[in-house]
Amino acid sequence: EERTPLQKKMDHEVKWLVILAIVALVLVLVMGYFRGTDLGFSILLAISILVAVFPEGLPASMTIALSLAMERLAKNSVIIKQLSSVETLGNVDYICTDKTGTITKHDMTVKEFFIGTKFFVMTEVFKMIAEGQSALLHDLFLTSVKCSTAQVVEQDGNIIKELGDPTEIALIKASILNGFKPNQFDSYKIIDSVPFSSELMFSAILTKSSSGTQEIYLKGAPEKILAFCDTYYLDGKILPLDDRHRQHILGELCTRSEKGFRLIGFVKKSDVGDIQKIDVKNLSGFTFLATAAIYDPPKDEVKQMIQETKDAHINVVMITGDSIKTGFSIAENVGIASDMQQAIEGKDLEQISDGDFENRVEQLRVYSRVAPLDKLKIVEKLRAKNHIVAMTGDGVNDAPALKKADVGIAMGRAGTQVSQEAANIILTDDNFSVIVKGVEEGRRVYQNLKKLIPSNGHEPSLEDVFLQLTG
């Protein structure tokens with residue numbers, strides 16, 4: 001197990017104390033010999049000075065100081081699993097944080113749907129039902145409900161329970177608000193499903209209706225799933241999707257990414273025959289249905305907290321599964337990044353060499369669409385530059401990065417048990433301001449502990465030894 005900054009300082013101080021003790025021992029014996037002092041008395045004096053050099057109260061003082069700090073941090077929603085993590089937290093100069101729920105409010109809401117060639121706000125989407133376009137909305141909300149691991153329970157018109165990924169919850173809530181209750185789709189049987197992953201960037205389901213028709217629905221990153229399409233939906237018709245329309249769709253979606261919206265695309269393939277598995281390596285012939293624009297606003301206090309970290313010479317890095325433009329927009333809004341050159345996407349990160357990444361790692365502030373193992377790579381490169389790194393995480397795949405970081409911080413509300421076991425610290429309030437307060441407390445403790453070392457180790461000094469010998 002690696003030594004913490006305070007432990008390294010203690011090792012350094014102890015080495016000097018050992019040297020001081022040996023020098024004092026030799027001096028006492030030599031001076032006693034030349035002065036003709038009784039040998040027994042000289043040995044007894046030398047042993048006394050040797051023992052007195054080491055501050056016997058230091059371990060107890062440090063343990064008490066760290067324990068009190070743990071208690072204060074626990075009252076501020078920071079659960080410390082190891083005493084040494086308190087002072088390590090105070091030495092942090094890089095905080096690598098997730099976006100959703102930490103920087104933002106964790107309150108995702110579907111604001112618009114891009115359908116055909118333009119965006120529709122939710123009131124306009126509701127009107128589409130009356131205009132006879134309910135078939136499209138049926139497909140959208142069927143995908144939202146069935147191609148999901150989230151659960152939303154409604155009772156008497158009120159949502160009483162939400163469980164699962166916040167993006168999927170937002171889509172299911174949009175379905176309910178537009179009159180499509182989840183139980184309406186119970187007649188659809190799921191033949192096969194593909195869970196979302198950062199490598200695929202989409203999830204998929206193969207459904208079978210009560211009439212026996214089988215269809216494939218995909219939900220994920222629009223730029224990814226749009227490549228599988230050769231037709232698109234427009235005003236009740238299915239039209240060929242040429243390069244001009246494809247670029248138009250991507251251009252329109254880009255306007256929302258730049259404003260910080262998370263975009264989730266929907267595509268469909270009808271009449272796929274009597275297949276039993278979805279071949280993710282052979283996807284084509286799909287119809288582009290729509291894209292949901294979801295917004296999760298930054299927390300009110302985050303911008304001020306980011307400025308406080310900068311004033312304290314702490315760098316903040318934001319890691320998100322959103323597109324690079326969405327991630328940069330939020331990061332720019334709260335003050336994490338100021339230039340697009342400070343952002344990088346996961347696919348670009350994979351292509352650059354380790355040497356190039358090590359040269360750029362201190363300039364980068366936003367990582368988008370990164371795989372969990374990329375987090376581990378980020379930690380390793382920052383630590384190679386002698387930085388003390390705190391890394392947040394909530395998923396099972398975040399465990400390696402949490403373990404590798406100097407301070408692994410797991411989310412208490414949204415975090416998995418695996419991530420919490422791998423982390424040094426657990427937040428009972430998944431909030432960036434809690435992390436900052438934890439670092440402030442850690443710095444205060446670290447400064448107090450540093451004062452303990454020289455004050456306890458000061459007496460007796462070499463000057464005191466000489467006074468005893470010559471006095």
Side-chain angles (χ1 to χ4, degrees), residues 1-2 4-7 62-106 298-319 334 336 375 379 382-383 387-395 398-399 401-450:
E1 188 174 339
E2 295 189 31
T4 68
L6 184 65
Q7 288 172 331
M62 291 179 62
T63 302
I64 292 169
L66 291 171
S67 299
L68 291 173
M70 283 182 69
E71 183 181 8
R72 289 193 297 269
L73 286 166
K75 292 177 181 178
N76 288 307
S77 305
V78 182
I79 307 300
I80 307 291
K81 294 169 63 177
Q82 297 174 322
L83 274 178
S84 59
S85 297
V86 177
E87 56 90 5
T88 306
L89 190 61
N91 284 274
V92 164
D93 62 350
Y94 259 90
I95 300 175
C96 300
T97 177
D98 293 327
K99 178 181 77 70
T100 303
T102 308
I103 298 295
T104 59
K105 292 182 177 180
H106 209 290
K299 292 177 180 176
D300 298 331
E301 72 276 11
V302 166
K303 191 168 186 176
Q304 180 184 348
M305 288 294 152
I306 296 295
Q307 186 56 51
E308 287 184 14
T309 60
K310 288 183 176 180
D311 294 341
H313 304 290
I314 300 172
N315 300 290
V316 180
V317 172
M318 191 181 80
I319 302 172
V334 298
I336 292 176
K375 283 188 171 184
V379 170
L382 285 172
R383 295 191 68 197
H387 293 293
I388 308 297
V389 183
M391 170 67 77
T392 69
D394 53 16
D398 291 332
L402 293 174
K403 200 75 175 175
K404 186 67 176 178
D406 296 284
V407 181
I409 303 174
M411 302 296 112
R413 292 182 179 178
T416 60
Q417 184 176 352
V418 173
S419 66
Q420 291 174 4
E421 288 177 356
N424 309 104
I425 295 172
I426 300 173
L427 302 184
T428 57
D429 182 3
D430 304 350
N431 197 320
F432 184 78
S433 62
V434 174
I435 301 175
V436 176
K437 290 176 183 176
V439 173
E440 289 175 352
E441 180 65 32
R443 286 195 169 187
R444 186 158 46 246
V445 171
Y446 182 68
Q447 292 302 320
N448 291 338
L449 290 176
K450 281 205 304 182

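Values below: every heavy atom of this structure, side chains too, minus hydrogens, waters and symmetry copies. Start at 1 with the first residue, then count along the sequence.
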For this session: Could you tell me whether the side chain of Asp93 and the main chain of Ile388 form a donor-acceptor pair under 3.5 Å?
Result: yes

Exercise. Taking Thr416 for the side chain and Asp394 for the main chain, is one N or O donor matched with an acceptor at less than 3.5 Å?
Worked result: yes

Considering non-hydrogen atoms only, spot the tightest contact between [X] and [Y] and give its length.
| X | Y | value |
| --- | --- | --- |
| Ala401 | Val379 | O-CG2, 4.2 Å |
| Val92 | Arg443 | O-NH2, 3.5 Å |
| Val302 | Phe432 | CG2-CB, 4.5 Å |
| Ile426 | Gly412 | CG2-CA, 3.9 Å |
| Ser67 | Leu83 | N-CD2, 3.8 Å |
| Gln420 | Lys81 | O-NZ, 2.8 Å |

Calculate, to the nearest 0.5 Å, the distance between atoms [atom1] and [atom2] belonging to [X] and [Y] respectively.
| X | Y | atom1 | atom2 | value |
| --- | --- | --- | --- | --- |
| Leu73 | Leu68 | CG | CG | 11.0 Å |
| Leu402 | Thr392 | CG | OG1 | 7.5 Å |
| Ser85 | Ile425 | OG | CD1 | 5.5 Å |
| Asp406 | Thr88 | CG | OG1 | 7.0 Å |
| Asn76 | Leu427 | CG | CG | 11.5 Å |
| Gln82 | Met70 | CD | CE | 9.5 Å |

Run the side-chain hydrogen bond (donor to acceptor under 3.5 Å, both in side chains) test against [X] and tell me which residues pass, sequence neighbours left out.
| X | answer |
| --- | --- |
| Thr102 | none |
| Glu71 | none |
| Lys375 | Asp98, Asp398 |

Min side-chain heavy-atom separation [X]-[Y] under 4.5 Å:
| X | Y | result |
| --- | --- | --- |
| Ser77 | Asn431 | no |
| Glu441 | Leu89 | no |
| Arg383 | Lys404 | yes |
| Lys437 | Val78 | no |

For this session: Step by step, work out the side-chain contact (heavy atoms from CB on, under 4.5 Å) result for Glu440 and Glu308.
Result: CA-CA 10 Å; Glu440 289 175 352; Glu308 287 184 14; 3.4 Å; yes

Problem set entry | Met391/Ile319 under side-chain contact (heavy atoms from CB on, under 4.5 Å): CA gap, chis, key distance, verdict | CA-CA 10 Å; Met391 170 67 77; Ile319 302 172; 4.0 Å; yes

Problem set entry | Over 12 non-hydrogen atoms of neighbours within 6.0 angstrom of CD in Glu301 |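 More than 12 heavy atoms, drawn from other residues, nucleotides or ligands, come within 6.0 Å of this atom.
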
For this session: Have a look at Ile336 and tell me which of Ile103, Thr309, Val317 forms a side chain to side chain contact (heavy atoms under 4.5 Å, CB included) with it.
Result: Ile103

